[in-house]
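Single-structure report; data block below.
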Amino acid sequence: MATPTTRPFLKWPGGKYRLVPELQQAFSASRQCADGKLIEPFVGSAAVFLNTGFDRYLLGDTNTHLIGLYEDLRDGRETFMDECAALFHPDNNTAARYYALRDEFNNGAGRRRRSALFLYLNRHGYNGLCRYNSRGEFNTPFGQMIKPYFPRKEMVAFLQRVRRKQTIRFVSQGFRETMLRARRGDIVYCDPPYVPLSRTASFTDYHAGGFGWQDQEMLAATAARLAQRGVRVVVSNHDTAAIRRLYSDYGARLRKLNVRRSISCNGSRRALVGEIIATFREPREHDS
């Protein structure tokens, strides 16, 4: 399995950079279609996109700010990067400036300015959390970092990847709508907000709008439906009894592994946790 070489330019709790080799293995058995594409309904930090070699991609997320940032980087290139870099001045690394710029983000910034501010908030806010309140306002608190890193090198790598000859489309829409655009020979990778490991866990609370158990059930049902059409669907989630039962009931093959939790600011709390990679396989003659 190839080792990932390109890091995302966004900090993203639950990002899949370290999981890429495992996902590549899950994808590889289904690369029988030369023009098949990879579809990601929950693109997040784009770590999987950056470290796979498909010819075509459909990259989606419900977060319009995230998709807007990717599109503005693609279209604005170096000029946009310079606009982002200007926000990483030491004078902006204070609580007062952070909250002032967060207010600007929430209250009237233009599209391109908002994209630059989204990157600023991501790198200056608490642990890269992307959290919104019930009014749809970004409300991640100030991160109090000594010197936030401006990821120019990583942004250049993203831009180079996007501007190669592959066909890459960004969409901001619901996960089911994105999944149903798959055709035979495509691969769909779903990295939904994970189910909590306990009733008090809040590891996935950074997603706006919530993602409840009915959404988890809809995702599994849609994955099984696509598998019947010859689309391989790969889903990652926490290893819980409920998730194992849900995916197994829909015929997925499960692979268990341990990954290191990365959301806690306390290094001693970054323990290994169980995850599952579920593969909803396209049907074969001997399966019938």
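Heavy atoms only: backbone and side chains are in, while hydrogens, waters and symmetry mates are out.
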* **Verify same cluster id: Leu257, Val234 (apolar side-chain graph, 4.5 Å)** => yes

* So, does Lys16 use its side chain to make a donor-acceptor pair with the main chain of Gly14 at under 3.5 Å? -> yes

* Asked: Between Phe105 and Tyr120, is the gap from one ring center to the other below 6.0 Å?
  -> no

* Structure fact -> What one should report as the nearest heavy-atom pair of Arg229 and Ala182 is NH1-O, 4.3 Å

* Asked: Does Leu226 share a hydrophobic cluster with Leu254, counting links as ILVMFWY side-chain heavy atoms below 4.5 Å and allowing steps through other members?
  -> yes

* Side chains of Asn63 and Tyr132: donor-acceptor distance under 3.5 Å anywhere? -> yes

* **Donor-acceptor pair, side chain of Thr140 and main chain of Leu129, under 3.5 angstrom** => yes

* Distance-only polar pair, side chains of Tyr194 and Thr240, donor-acceptor under 3.5 Å -> no

* Asked: Should Thr6 and Arg161 count as side-chain neighbours, where that means a heavy-atom distance under 4.5 Å?
  -> no

* Please tell me if the side chains of Arg131 and Pro141 come closer than 4.5 Å, counting only heavy atoms from C-beta onward. => yes

* Asked: Judged by atom type as modelled, is there a donor-acceptor pair below 3.5 Å linking the side chain of Arg281 to the main-chain atoms of Arg232?
  -> no

* Asked: Given the side-chain rings of Phe175 and Phe42, with only the six-membered ring counted for Trp, is the space between their centroids under 6.0 Å?
  -> yes

* How long is the gap from SG on Cys84 to CG on Leu117, to the nearest 0.5 Å? -> 8.5 Å

* Structure fact -> So CG of Leu38 and CZ of Arg56: to nearest 0.5 Å the spacing works out to 11.0 Å

* Give, for atom CZ of Phe280 and atom CG of Leu219, the distance between the pair rounded to the nearest 0.5 Å. => 7.5 Å

* To do: State yes or no: are the ring centers of Phe150 and His89 separated by less than 6.0 Å?
  => no

* Asked: Can you check whether Val195's main-chain N or O pairs, donor with acceptor, with His238's side chain at less than 3.5 Å?
  -> yes

* Salt-bridge test for Asp72 and Arg111: reply yes if a basic N is under 4.0 Å from a carboxylate O, no otherwise. => yes

* Considering only NZ, NE, NH1 and NH2 on the basic side and carboxylate oxygens on the acidic side, decide whether Arg255 and Glu22 come within less than 4.0 Å. => yes

* **Heavy-atom side-chain contact between Ser172 and Thr62 under 4.5 Å** => no

* Asked: Any chance the side chains of Tyr57 and Thr52 put a donor and an acceptor closer than 3.5 Å?
  -> yes

* Side-chain contact test, heavy atoms from C-beta onward, threshold under 4.5 Å: evaluate it for Pro8 versus Glu154 and give yes or no. => no

* To do: Say whether Asn237 and Gln216, considering side chains only, have a donor N or O and an acceptor N or O under 3.5 Å apart.
  => yes

* OG1-CG distance between Thr64 and Leu69, expressed to the nearest 0.5 angstrom -> 11.5 Å

* Within the distance-only criterion (no hydrogens, no angle test), does the side chain of Asp215 pair as donor or acceptor with the backbone N or O of Phe211 below 3.5 angstrom? -> no

* Charged N to carboxylate O under 4.0 angstrom, Glu83 versus Arg113? -> no

* Asked: Hey, is the main chain of Ala109 close enough, under 3.5 Å, to the side chain of Arg114 for a donor-acceptor pair?
  -> yes

* Are Asn139 and Asn106 close enough that some pair of their side-chain heavy atoms sits under 4.5 Å apart? -> no

* What pair of heavy atoms forms the shortest contact from Phe142 to Tyr99, and how long is it? -> N-OH, 3.1 Å

* Hey, are the side chains of Val233 and Met179 touching, using non-hydrogen atoms and a 4.5 Å cut-off? -> yes

* **Intermediate values then yes/no, side chain to side chain contact (heavy atoms under 4.5 Å, CB included), Ile67 and Val171** => CA-CA 7 Å; Ile67 297 300; Val171 292; over 6 Å; no

* Using a distance-only test with no angle check, is there a side-chain donor-acceptor pair under 3.5 angstrom linking Tyr189 and Ser236? -> yes

* Any Glu78 side-chain heavy atom under 4.5 Å of Met155 side chain -> no

* Heavy-atom donor-acceptor pair, Arg253 side chain to Thr279 backbone, under 3.5 Å -> no

* How close do Glu137 and Arg135 get, heavy atom to heavy atom, and via which atoms? -> OE1-NH2, 3.0 Å

* Just by distance, do the side chain of Glu40 and the backbone of Phe49 share a donor-acceptor pair under 3.5 Å? -> yes

* Hey, is Arg77 close enough to Asp82 for a salt bridge, meaning N to O under 4.0 Å? -> no

* Structure fact -> Heavy-atom closest pair (Arg74 atom, Arg163 atom, distance to 0.1 Å) is O-NH1, 3.1 Å

* Asked: Just how far is it from atom CG of Leu73 to atom CG of Leu119, taken to the nearest 0.5 Å?
  -> 9.0 Å

* Asked: How far does CZ of Arg176 sit from OG1 of Thr222, to the nearest 0.5 angstrom?
  -> 4.5 Å

* Asked: Of the non-hydrogen atoms in Arg152 and Ala85, which two are nearest, and what is the gap between them?
  -> NH2-CB, 3.7 Å

* To do: May I ask you to say whether Arg97 pairs ionically with Asp91, meaning some side-chain N is under 4.0 Å from a carboxylate O?
  => no

* **Closest heavy-atom pair and its distance - Gly44, Leu66** => O-CD2, 3.5 Å

* Between Arg245 and Tyr250, does any side-chain donor sit less than 3.5 Å from a side-chain acceptor? -> no

* Asked: Is there side-chain contact between Asp55 and Thr167, with at least one heavy-atom pair below 4.5 Å?
  -> no

* Step by step, work out the side chain to side chain contact (heavy atoms under 4.5 Å, CB included) result for Phe88 and Asn93. => CA-CA 8 Å; Phe88 282 67; Asn93 190 29; over 6 Å; no

* Asked: Should Tyr149 and Phe9 be regarded as members of a common hydrophobic cluster, given that ILVMFWY residues are connected when their side-chain heavy atoms come within less than 4.5 Å of each other, either directly or indirectly?
  -> no

* Does the ring centre of His65 sit less than 6.0 Å away from the ring centre of Phe138? -> no

* Asked: Where do His124 and Tyr98 land on the side chain to side chain contact (heavy atoms under 4.5 Å, CB included) test, with the steps shown first?
  -> CA-CA 8 Å; His124 289 74; Tyr98 175 86; 3.9 Å; yes

* To do: Ignoring hydrogens and angles, tell me if any N or O in the side chain of Arg183 forms a donor-acceptor pair with the backbone of Leu180 under 3.5 Å.
  => yes

* For Phe54 and Asp186, run side chain to side chain contact (heavy atoms under 4.5 Å, CB included): C-alpha distance rounded to whole Å, both residues' side-chain angles, the deciding distance at 0.1 Å, then the answer. => CA-CA 10 Å; Phe54 290 80; Asp186 291 344; over 6 Å; no

* Check the side chains of Tyr17 and Asn51 for a donor-acceptor pair under 3.5 angstrom, ignoring hydrogens and angles. => no

